[in-house]
Number of protein chains: 2
Amino acid sequence: MSVHPPRPSGPPLNALRAFEAAARLGGFSRAADELCVTPGAVAQQVKALEDWAGVALFDRQAQGVVLNDMGRQVLPLATRAFDQVAAMVQELRAVASPNRLHIAALPAVAQLWLSPRLPGLRRALPDLEISVTAMEQPPNLERDPFDMTLFFGDPAEGEQIADDVILPVCAPALAGCLAEVADLARLNCLSDSAWAGDWPLWLQQAAGAEAPTLRGPVFSLYALAVQEAVNGAGVLMGHRCLIERDLREGRLVAPFDQPVATGKALIMQLRQPVRTPLARLAAALRESRL
Amino acid sequence: MSVHPPRPSGPPLNALRAFEAAARLGGFSRAADELCVTPGAVAQQVKALEDWAGVALFDRQAQGVVLNDMGRQVLPLATRAFDQVAAMVQELRAVASPNRLHIAALPAVAQLWLSPRLPGLRRALPDLEISVTAMEQPPNLERDPFDMTLFFGDPAEGEQIADDVILPVCAPALAGCLAEVADLARLNCLSDSAWAGDWPLWLQQAAGAEAPTLRGPVFSLYALAVQEAVNGAGVLMGHRCLIERDLREGRLVAPFDQPVATGKALIMQLRQPVRTPLARLAAALRESRL
DNA sequence: GCGAAGACCTAGTTTTTCTAGGCCAAGAAT
DNA sequence: ATTCTTGGCCTAGAAAAACTAGGTCTTCGC
C-alpha cells in the first residue's frame with residue numbers, strides 16, 4: 001500500500017506573490033505597479049488567496065487596504081520566501097550569463113560619472129557586457145536584476161567611491177559677476193529637484209545666517225542642469241565628483257573656494273556572491289580616472 | 001523623471017517550481033508525480049525556464065535527465081526558496097485555521113496506535129479538528145501540510161513516545177503448540193512487507209545462530225497481519241506498542257518471553273512554531289493511555 | 001457638494017498551462 | 001537478437017488561470 005495520497009496542493013504561487021507585494025507596499029495599486037498589472041488583477045489574486053485560506057488577510061477601507069492580524073503574521077515569512085525566490089532567479093541569471101553585468105545608478109551618476117568612464121571600461125574589459133539602468137531609488141540587490149549599484153548614501157552602506165562635496169559652479173564668463181556670496185541673489189541659481197537641499201545647505205555652511213534668497217530654474221535631471229550651467233544660464237550647485245571633468249577642462253569654474261561636505265558619499269554596492277567578472281568590473285571602476 | 005523603467009520581469013514561478021522539483025527528485029516523471037501533473041507538463045516548464053535563461057539546466061540522456069553544472073549551482077538556492085514558500089503556506093494555513101490539526105502517521109501507527117486513542121482525544125479536545133493521513137514515508141514538516149508526524153525512527157530525530165520492542169505473538173489457541181523457538185518452523189509466521197527484517201532480527205537476538213527457516217504469508221498492511229494473528233492464522237512478529245491492547249485483553253499472547261529492542265522508537269515530531277492547539281494535542285497524546 | 005483615490009465586480013479576452021497520444025532512444029529481460 | 005520498459009520529446013487542442021476594461025461605491029480633503 002504505497003498509495004501516496006494526492007497531496008492537498010497549496011495555493012497558486014501568483015496569488016502568494018500578489019499578496020506579498022500588496023502587503024509589503026501597503027496597497028493593491030502599488031503592488032499592481034510593481035507587478036506590472038492592473039490593480040484589479042491584484043485584487044483578484046489576493047481574493048483567491050483569501051478564499052483558499054478561508055480567512056481575510058486585509059481590512060478593506062475606503063482609502064485603501066491595511067493588513068489585518070492574520071496578514072501581519074504571514075507577511076514576514078512571505079517576504080523572506082520571495083526574497084529567496086528572487087535570489088534564486090538572480091543566481092540563475094548570473095550563472096547563465098556570467099559576463100553580462102548590469103549596473104543600477106542614479107541618473108546623475110549614470111550620465112556624469114559612469115558614462116564618461118564606460119568607453120575605457122569596455123576597452124579594459126572587452127569580454128564583459130555592461131548594461132546601465134538609471135533609477136531614482138537604489139534597487140534591492142537581493143531582488144532586482146542588478147549586479148552593482150552606484151548611488152549617493154551613507155558611507156556605511158557600502159564601499160565609498162568618492163565623498164560628496166558641493167560647491168557653486170558656473171561658466172567662466174559668469175564668474176566675473178561673482179565676487180561674494182551675496183552676488184548670487186542677482187543671478188539665476190540652477191538647482192535639481194531631487195537635490196533641493198543643496199543650496200540651503202551650502203549657504204548655511206558657507207555664508208552663515210546671512211543667506212540671500214535665491215531664485216532660478218529647477219531641473220528634474222541633474223545632467224541637464226550641468227549643461228545649462230556650461231551654457232552660461234546661471235550658477236549651479238555642483239557635486240564635485242560629478243563635474244570633475246568640466247572643472248578640469250575649464251567649461252565650469254568655481255567662483256567661491258568653499259566646498260561643503262554633505263555627509264553622504266558615492267557608494268558602490270555589489271551583488272553577493274561576488275564572482276570574478278563582477279570583481280573585475282568593480283576593480284576597474286575603483287581605479288578608473290578621467 | 002521618476003519613470004520606473006518596467007523591470008525586466010523574472011521567469012514564471014511555476015517554471016521555477018517545476019525545475020526545483022525535477023532537480024531535487026532527479027527526473028521529470030517523479031517531479032510530475034509530486035506536482036500532480038503529467039511529465040510532459042514538467043518538461044515544458046523546465047524548457048521554458050531554460051529558454052528564459054538561455055542555457056540548459058539538465059543534460060538529457062536516454063534513461064532520464066541529470067542536472068548539469070548550471071543546474072547544480074542553482075539547485076540549493078531553489079530548494080531553499082521553495083522551502084520558504086512552503087513554510088509561508090503552512091504558516092498561512094495554521095494562522096487561518098489554528099484549530100485544524102493534521103497528523104501524518106505510518107499506516108500501522110495510524111490504525112493500531114493512534115486510532116484507538118482518537119475517541120478519547122476528541123473527547124478531551126472537542127474544539128480541535130483532528131485529521132489523520134497515513135503514509136509510508138515521514139513527510140517534511142517544512143513543506144507538507146501536516147502539524148505532527150508519528151513514525152518509527154531514530155530516537156534522536158524527535159520526541160520519543162514509545163520504544164520499539166518486538167516479540168512473537170499469536171492467538172491463545174495457538175500458544176500451546178509453541179514450547180520452544182524451534183517450534184516456529186512448523187507454523188505460519190506472519191510478516192509485514194515493510195518490516196521484513198523483524199523476524200531475522202528477533203531470531204538472531206533471541207535464538208542465536210540456531211534460527212529456523214520460517215515461512216508464511218506476507219502482508220502489506222500491518223493491521224491486517226495483526227487481525228490474521230488474532231484469527232489464529234499464525235505467529236506474528238509483534239511491535240509491542242502497537243498491540244498493547246490485544247495483549248492486555250487476551251486476544252493475543254506472547255509464547256516466548258523474549259522481547260527484543262529494535263533500536264528504533266515511535267517518534268513524534270511537531271511543526272514549528274508550536275502554537276497552543278498543537279501543544280495541547282501533543283500533551284494529550286503523550287499522556288494518553290489505552 | 002465635488003473631485004480624487006482606491007478598491008470591487010463582472011464580462012470577455014488573452015495567456016498560460018495541461019493533457020493526450022504518438023514517437024524515439026537505451027537499457028533490461030527473455 | 002528481439003522485445004519490453006522506462007523516461008523524455010513533440011505537437012495540437014482543450015482547459016484553466018490571469019488580465020483588462022469599464023462601471024460603481026465609499027471616503028477623504030477641499
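Below, all heavy atoms of this structure are taken into account, side chains as well, without hydrogens, waters or symmetry copies.
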From [atom1] of [X] over to [atom2] of [N], roughly how many Å is that when rounded to an integer?
X	N	atom1	atom2	value
B:F28	D:dT6	CZ	P	19 Å
A:L13	D:dA18	CG	C1'	14 Å
A:Q45	C:dT15	CD	C1'	13 Å
B:W52	C:dT15	CH2	C1'	19 Å
B:D51	D:dC10	CG	P	10 Å
B:N14	C:dT19	CG	P	12 Å
A:K47	D:dA18	NZ	P	15 Å
A:L67	C:dA7	CG	P	12 Å

Open item on the list: Using a 4.0 Å heavy-atom cut-off, does A:A41 contact any base of the nucleic acid, only the sugar-phosphate backbone, or nothing at all?
Closed with: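 A:A41: base contact, heavy atoms under 4.0 Å.
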TODO: Pick base, sugar-phosphate or nothing for A:S29, based on heavy-atom distances below 4.0 Å to the nucleic acid.
DONE: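 It contacts sugar-phosphate atoms only.
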TODO: Let me know, please, whether A:G40 or B:R30 comes out on the 5' side of the other along DNA chain D by nearest nucleotide.
DONE: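 Per heavy-atom nearest nucleotide, the more 5' residue is B:R30.
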Open item on the list: If you compare all heavy atoms of A:M148 against all heavy atoms of A:L141, which two are closest, and at what distance to 0.1 Å?
Closed with: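 A:M148 and A:L141 have their closest heavy atoms at N-CD2, 4.3 Å.
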TODO: Determine whether any donor atom in the side chain of B:Q63 lies under 3.5 Å from an acceptor atom in the base of D:dT5, or the reverse, and answer yes or no.
DONE: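 Result: no qualifying N/O pair found.
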Task: Heavy-atom neighbours of B:R100 CZ exceed 12 at 6.0 Å - done: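 Counting other residues, nucleotides and ligands, CZ of B:R100 stays at 12 neighbours or fewer.
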TODO: Look at the rings of A:Y222 and A:H239 and say which category their plane angle falls in: under 30° parallel, 30 to 60° tilted, over 60° perpendicular.
DONE: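 Perpendicular, since the angle between the ring planes exceeds 60°.
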Task: Nearest-neighbour nucleotide for the A:V37 side chain, D:dC19, D:dG8, C:dT19 considered - done: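 Given the options D:dC19, D:dG8, C:dT19, the side chain of A:V37 is closest to D:dC19.
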TODO: Compare the minimum distances between each of C:dC8, C:dT17, D:dG8 and the side chain of A:A43, then state the nucleotide with the smallest one.
DONE: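 Of the options given, the side chain of A:A43 lies nearest C:dC8.
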Task: Ion pair B:E20/B:R143, N-O distance below 4.0 Å - done: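 A salt bridge is present here (some side-chain N lies under 4.0 Å from a carboxylate O).
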Open item on the list: Counting only side-chain nitrogens and oxygens, does B:T38 get under 4.0 Å of the OP1 or OP2 atom of C:dC18?
Closed with: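 No, because none of the side-chain N or O atoms of B:T38 sits under 4.0 Å from OP1 or OP2 of C:dC18.
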Open item on the list: Strictly below 4.0 Å: does A:Q61 bring a side-chain N or O up to OP1 or OP2 of C:dA7?
Closed with: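 It does not, given that no N or O in the side chain of A:Q61 lies less than 4.0 Å from OP1 or OP2 of C:dA7.
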TODO: Could you tell me whether a side-chain N or O of B:E34 sits under 3.5 Å from a main-chain N or O of B:A22, the two making a donor and an acceptor?
DONE: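 Absent.
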